[in-house]
Each structure stands twice: as structure tokens, then as C-alpha cells.
2 protein chains.
Amino acid sequence: MNAKQPPAKKASLSRPDGVVTLEQVAEAAGVSPSTVSRILNGTAAVSQAKKDAVQAAIQDLGYRPNPVARGLAGGRTLSIGVVTQIISSPFYGEALLGIERELERAGYVPLFVSGNWNEDDERKAIETLLSRRVDGVIVLAGRMPDAELATVADSLPVVVVGRQLAGPQLFSFSFDNREGARLATQHLIDQGHRRIAFIAGDLMHDDAVERQNGYFDALAGAGIAVDPNLIVQSDYTEAGGMLAVSRLLERDAPFTALFASNDQMAIGACLGLHRRNLRVPDDVSLVGFDDLIMARYAMPPLTSVRQSVYEVGVEAANAMLAMLSGGQPKAHLPGPELVARESTRRLSR
Amino acid sequence: MNAKQPPAKKASLSRPDGVVTLEQVAEAAGVSPSTVSRILNGTAAVSQAKKDAVQAAIQDLGYRPNPVARGLAGGRTLSIGVVTQIISSPFYGEALLGIERELERAGYVPLFVSGNWNEDDERKAIETLLSRRVDGVIVLAGRMPDAELATVADSLPVVVVGRQLAGPQLFSFSFDNREGARLATQHLIDQGHRRIAFIAGDLMHDDAVERQNGYFDALAGAGIAVDPNLIVQSDYTEAGGMLAVSRLLERDAPFTALFASNDQMAIGACLGLHRRNLRVPDDVSLVGFDDLIMARYAMPPLTSVRQSVYEVGVEAANAMLAMLSGGQPKAHLPGPELVARESTRRLSR
DNA sequence: TTGTACGCGTTATCAT
DNA sequence: ATGATAACGCGTACAA
């Protein structure tokens with residue numbers, strides 16, 4: 001188009017680089033292309049002699065299979081579609097890292113597309129992935145109806161993180177959000193708090209609901225009645241957390257502790273409290289959730305529930321790889337764990 | 001492999017979904033495949049009548065071109081490779097978001113691969129991208145030698161962010177790191193500070209060097225001698241910032257202000273100071289760089305140099321799109337801007 | 001302006 | 001076990 005290279009007469013010079021094709025390898029090794037393909041994919045048995053010859057030729061010529069051609073030929077593209085929600089979020093970032101690293105070990109490449117917490121965007125994202133002939137799709141949470149996801153799984157292995165659904169080529173797993181939230185709340189209760197405010201996430205999502213349930217669980221276990229005035233719903237962002245605190249404070253329902261259902265909201269809440277001259281943890285104990293890096297470096301360092309987001313990515317990738325090779329997918333995430341830092345303290349009275 | 005669908009007799013049923021091919025569109029519209037292709041790519045003039053017929057058929061059948069086949073046929077894949085360094089970093093995350101959003105508007109899809117600040121990884125990443133027949137490559141900083149990058153540009157349009165190099169199909173642009181750092185330092189000087197410590201990034205990288213130069217500029221402008229004891233080098237991470245503070249403090253070269261050359265190190269430094277019972281801004285004024293979201297929600301909110309990382313992504317994508325359509329790439333980033341928050345204050349004496 | 005025929009690099013089917 | 005041969009879906013000279 002803009003690169004005016006000579007039209008490349010007949011063939012073979014489509015790219016200036018040393019693009020070696022499977023055919024050339026075959027020729028160099030004195031075998032047929034099919035044989036090379038078979039060796040590459042382990043599709044059928046091949047005599048050791050030819051195997052060696054081909055391997056040598058591959059080394060020699062520096063052959064690298066062309067994933068695009070593979071994709072076209074109906075074979076695998078060695079790429080996995082990943083539907084993330086907001087690629088810039090610190091939460092998803094860590095998961096993507098885990099996915100990327102783990103897939104790479106198997107020679108796969110992730111193809112990230114953002115769903116933006118929007119059903120239509122997400123649908124479009126998946127379509128994009130399908131048209132790109134990805135070998136499988138990993139969906140991180142999201143808003144697509146379960147049924148639709150199941151449909152996708154009809155033609156492709158699908159791994160869903162953070163939701164509960166199952167099917168032939170459909171595998172999902174979740175972190176134990178409920179137990180994690182229970183731990184967080186219990187930690188506050190253990191420190192003598194009884195008026196514990198809660199910032200929920202968007203209750204459209206399972207994980208947000210589960211975290212709220214965990215909060216309820218702990219309160220119930222301690223015989224503390226749920227006070228609706230102590231609960232606000234927000235959106236998992238820093239700004240949302242800050243806003244939530246304002247709303248909470250306007251209700252003048254006093255509280256001595258606050259559990260924000262993710263770290264980003266907790267950080268925002270911390271600033272919101274600060275603006276109202278409420279100190280953490282002196283005036284209000286604060287707990288987050290996810291234990292992102294930011295929790296460790298917050299001021300004060302934030303007590304949080306450890307959820308190895310990176311690990312989530314790794315497990316998702318492994319589950320996908322398992323399905324791809326015909327095995328049974330599985331995922332064993334470490335259980336939730338409370339990381340006590342300096343944003344919480346015993347209620348003094 | 002694992003999905004045991006009936007072997008799909010002859011053709012056309014390779015995928016259960018409604019995979020419509022260009023050929024089917026042609027048939028439906030009563031024209032030849034080439035004509036459809038021409039309309040799709042604007043390769044040649046076509047009569048309005050056929051144009052309409054084809055468009056109708058496309059709508060009707062819900063045809064979507066297959067990027068994989070396109071790639072094989074030597075056409076475009078409508079995908080752009082993006083070499084990021086650490087996909088999970090809050091800094092790159094924002095840039096990727098900008099890239100993704102902007103490319104999408106033009107129907108392109110980004111393919112993200114991580115270089116991990118490692119020359120070999122980066123090289124491998126680029127190879128991966130090339131083998132996937134991306135239409136262009138965007139490189140965010142990184143360690144690849146300039147010459148090698150230029151080689152890549154021989155066969156593909158390349159946009160490099162954060163480095164200075166140019167060539168036929170090679171475009172690069174940078175944020176004005178030097179001026180930004182000068183502003184940050186000047187801000188501290190304006191507030192009466194004269195003993196201003198500096199945490200540099202990895203001086204292997206242009207931007208880190210430039211930020212250090214900006215620091216020197218401001219000191220020189222104010223007639224303040226550079227004190228090597230007030231400078232430490234680190235790695236742009238929170239942990240690195242924290243460590244840097246320790247090293248600084250061990251030297252017992254007193255300082256009243258600290259300029260960390262990115263926000264992540266500043267956040268880490270803040271915690272490090274806190275651990276030594278030094279308060280920000282009461283004992284030490286602190287300035288960061290990049291103005292990531294975390295700066296706004298730090299405690300205290302961090303004074304920083306605004307660099308719209310998102311915008312950087314948008315500009316990079318646009319420059320690439322411009323090259324792809326044969327135009328002149330350009331990028332106009334807003335100049336650096338100091339955002340004064342609460343981590344800095346006038347030196348009281 | 002439009003259609004035909006071939007090639008892109010690989011896998012899969014069918015013989016041998 | 002191995003080798004032809006035909007797709008895969010599309011772009012593009014070349015011919016008409």
C-alpha cells in the first residue's frame with residue numbers, strides 16, 4: 001500500500017524476511033509436506049529417520065509455523081481469546097498477566113478484548129474473537145447471559161471466571177467471595193466493632209452479591225442485625241468508593257468500621273473519610289478486598305482479603321489448556337485469606 | 001479434537017454457526033467473488049448497482065470477513081501488534097486502553113504481548129506478532145536496539161512510543177519527560193525547598209534519563225548544586241520507591257523534598273518515609289510523575305506531573321492508522337502539566 | 001467494469 | 001508409514 005516494494009515477480013518473495021515454509025522444510029528433508037505436518041502436530045506415527053531429518057531441517061532453516069495458515073486450514077490458531085472488562089483496571093491487569101504467562105508456556109497467545117461491563121460490547125468482543133478463529137475463549141466475569149455463553153461453548157471450549165455455569169465444553173470457577181467477605185467482616189467483629197458499614201459492588205454481578213452475602217453471614221454469626229442504612233452500593237472504582245462514603249455519612253447512621261468490597265473502593269473511601277476528618281483506623285477501621293498491590297502501599301496499608309488475581313489468571317489458562325488437549329479442566333485456587341495491616345484496629349471505648 | 005461432531009462430509013459445515021463466506025455473498029448478489037472483494041476493500045471501481053446488491057447480500061447474510069483468510073491471502077489482518085512491557089502495570093494499562101479504543105473505531109484489533117523489559121522477550125514478542133501477520137506494530141518503550149526496530153520497520157509500519165527514532169515506515173514520539181521533570185522540581189523550588197532528593201528510574205531508558213535531566217535543569221536554573229548523595233536509582237515500582245527511600249536516609253544527607261520520577265515509586269516512597277516517622281508533606285514534600293489514578297487517591301493525594309497516558313495510547317493508535325492508510329503520522333500530546341495536590345507544601349523554617 | 005484462475009501455508013482425506 | 005490432492009476464505013494478477 002504505502003511500501004513500494006517491487007511487485008515480487010512470481011512467488012516466494014512476498015516478505016523480505018526469511019520466511020521459511022513447511023514445504024521448504026519438506027524439500028530440504030526429502031519428505032512430503034504432509035509428513036512434516038504430521039511430525040509437527042503428532043498427528044500420526046512417523047519413522048524416526050524422517051523425524052530426525054525433518055527436525056534437522058527445521059533447525060537449519062529456522063522454520064516457524066505460520067499460525068495464520070494453520071487457522072485457515074481448520075487447524076488451531078494457537079491463540080486464546082480473553083474477554084476482559086476493563087483492560088486498564090489493576091484487578092484485571094494482574095489476571096491478564098497470569099493468563100499471558102501461562103499460555104505462553106504452551107505456545108499460545110492471548111487475544112485480549114474489552115467488554116466494558118456492557119453486554120453488547122461483550123457480545124461484539126466474542127464475535128471478534130470467533131472470527132479470528134481463536135481456539136478457545138476465557139471470559140472474566142461480564143454480563144453476557146449464561147445461555148449465550150453456553151452457545152459459544154457449542155463451538156469452542158470456554159472458561160468463565162467468576163460465574164457459575166457448566167456444560168460440555170464449558171468450565172467455570174470462582175474465587176470464594178462469600179467466605180472472603182465473611183472473613184473480612186469477622187475480622188472487624190473480632191476487634192469489637194458492631195456497627196460495620198458495607199460498600200457493595202454492582203449487585204448485577206455474582207461476585208458482588210456473594211461478597212455481600214459473606215458480610216451478612218458474619219453479622220448473622222455474631223448476632224448483629226443488618227442495618228440497611230449502613231449499606232451502599234457502588235461500582236468497584238476509587239471514585240465510587242469515595243462517593244459511597246459521602247452517602248453513608250449523610251445518613252447519620254454512625255459506624256466504627258467499614259468494609260469495602262474491593263480495594264479500589266476502599267482506597268477511595270479512605271480519601272472520602274479523610275475529607276470528612278475521619279481518620280483510618282483511629283476513627284474508622286477499614287477493610288478492602290482483593291489485596292491488590294495498591295493495598296500494600298496505601299496509607300495506612302490496607303487490611304484486605306487476599307485473592308491471588310494473578311493465580312486466577314494462571315488457573316484459567318491452565319483449565320483452558322486442559323480442555324484443549326482433551327483433558328478434564330480443573331482449578332484449585334487457594335482459599336481466601338485475611339491480610340491484616342494497619343487500616344483496622346480494635347474498637348476503643 | 002475433543003468435540004466429536006460428525007466429520008462434516010464435504011464442505012461448508014466446518015463450523016456449526018452461520019459462517020458466511022465471501023463466495024456465498026457473491027452468489028447471493030449474483031456477482032463474482034472478486035467483485036465482492038473489490039467492494040470490501042475499495043480496490044477498484046464497481047458499478048453502483050452491484051455495489052448495492054452486494055451490500056444488501058452482506059446485510060442479509062450477516063457476512064463478516066474472515067481476518068485469518070485475509071491474512072493468508074496477503075491482505076490485511078486488521079490487527080495491530082502492541083509490545084507492552086508489563087501488561088499489569090497501571091501505567092501501561094491506561095495506554096493499552098487508549099490504543100484498544102482507538103483501533104476499534106477503525107475496525108482493528110490490538111494484539112498485546114509483553115516484553116518484560118527484556119530484550120530477548122521483546123524480540124520474541126515481535127516475532128510472534130510478525131508470524132501472526134499483524135498489519136503494524138506499536139512498541140511502548142522497551143529495550144530493543146534502535147537498529148533492530150528499524151529492521152522491523154522494513155516490512156511493517158512501526159510506531160514507537162517513548163524513544164526517538166525515525167525512518168520510512170517508522171514513527172516515534174515521546175512525552176516531554178524532561179520538561180515535566182523540570183516542572184516538578186521547580187514546583188518544589190518555588191516552595192522554598194533547596195535540598196531536593198531524586199529517585200531516578202532505570203537510566204538504561206531514555207525517559208528515565210530525560211526525567212533526571214529535567215531535575216538537573218531546574219536545579220541549575222535555581223543555582224542549586226547537584227548533590228549526588230541526594231540521588232538514587234530505582235526501577236519504577238512501589239517496592240523500588242520504598243527501598244530507595246531507605247538508601248537515601250542511610251546516607252544522612254538531609255532533604256526536605258523528594259521527587260520520585262514516577263507515581264508508583266512515589267507511593268512506595270511515601271510508605272517508606274512513614275516507616276521512618278517522616279510525614280508527607282510536613283517533614284518531606286513529595287512529587288510523583290505520570291498522574292496515574294493512584295496519585296489522586298493516595299494519602300495524602302499526590303502532587304504529580306500530568307501525562308495523559310491514555311492519550312498516549314490514542315495518539316499511538318492514530319499514528320499507526322495514519323501510516324496504514326498511507327498518510328503522514330503525527331502525534332500532538334498535550335504538554336506536561338503540574339498537578340499540585342497535598343503532598344507538597346512550602347518549606348517552613 | 002467484471003470474471004477466472006491461481007496462490008497464501010497449512011491440515012485433512014484418501015490412496016498407496 | 002507416506003505421499004498426492006483437495007480444501008480453508010480471500011486477494012489479485014490477468015484476461016475479457
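Per chain, numbering begins at 1; letters A, B, ... match sequence-line order.
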So side-chain hydrogen bond (donor to acceptor under 3.5 Å, both in side chains) across residues 60-71 of chain A, not counting sequence neighbours, yields A/Arg64-B/Glu127

In short, the helix from C/dT1-D/dA16 to C/dT16-D/dA1 is bent end to end, axes from five pairs each side, to 10°, by 40°

Across all chains, not counting sequence neighbours, the side-chain contact (heavy atoms from CB on, under 4.5 Å) partners of B/Ala53 are B/Ala29

Rounded to whole Å, the CD-P distance (B/Glu27 to D/dC10) equals 14 Å

So ring-ring contact (aromatic ring centres under 6.0 Å, His included) across residues 117-153 of chain A, not counting sequence neighbours, yields A/Trp117-A/His205

By salt bridge (Lys or Arg N to Asp or Glu O under 4.0 Å), A/Arg38 pairs with (sequence neighbours left out) none

Expected list for residues 30-39 of chain B near DNA chain C, using heavy atoms below 4.0 Å, is B/Val31, B/Ser32, B/Ser34, B/Thr35, B/Arg38

The answer to which of B/Ala44 and B/Leu72 contacts DNA chain C further toward the 5' end, by nearest nucleotide, is B/Ala44

Note: B/Gly313 and B/Ile99 closest approach over all heavy atoms is O-CG1, 3.4 Å

Residues at least two apart in sequence or cross-chain that pass side-chain contact (heavy atoms from CB on, under 4.5 Å) with B/Glu102, listed by chain then number, are B/Arg105, B/Val314, B/Ala317, B/Asn318

Regarding the side chain of B/Arg70, the nearest nucleotide among D/dC10, C/dG9, C/dT1 is D/dC10

Sorted by chain and residue number, the side-chain contact (heavy atoms from CB on, under 4.5 Å) partners of B/Gln48 (sequence neighbours excluded) come out as B/Lys51, B/Asp52

Across all chains, not counting sequence neighbours, the side-chain contact (heavy atoms from CB on, under 4.5 Å) partners of B/Gln328 are none

Whichever of B/Ala69 and B/Ala45 has the more 5' nearest nucleotide on DNA chain C, that residue is B/Ala45

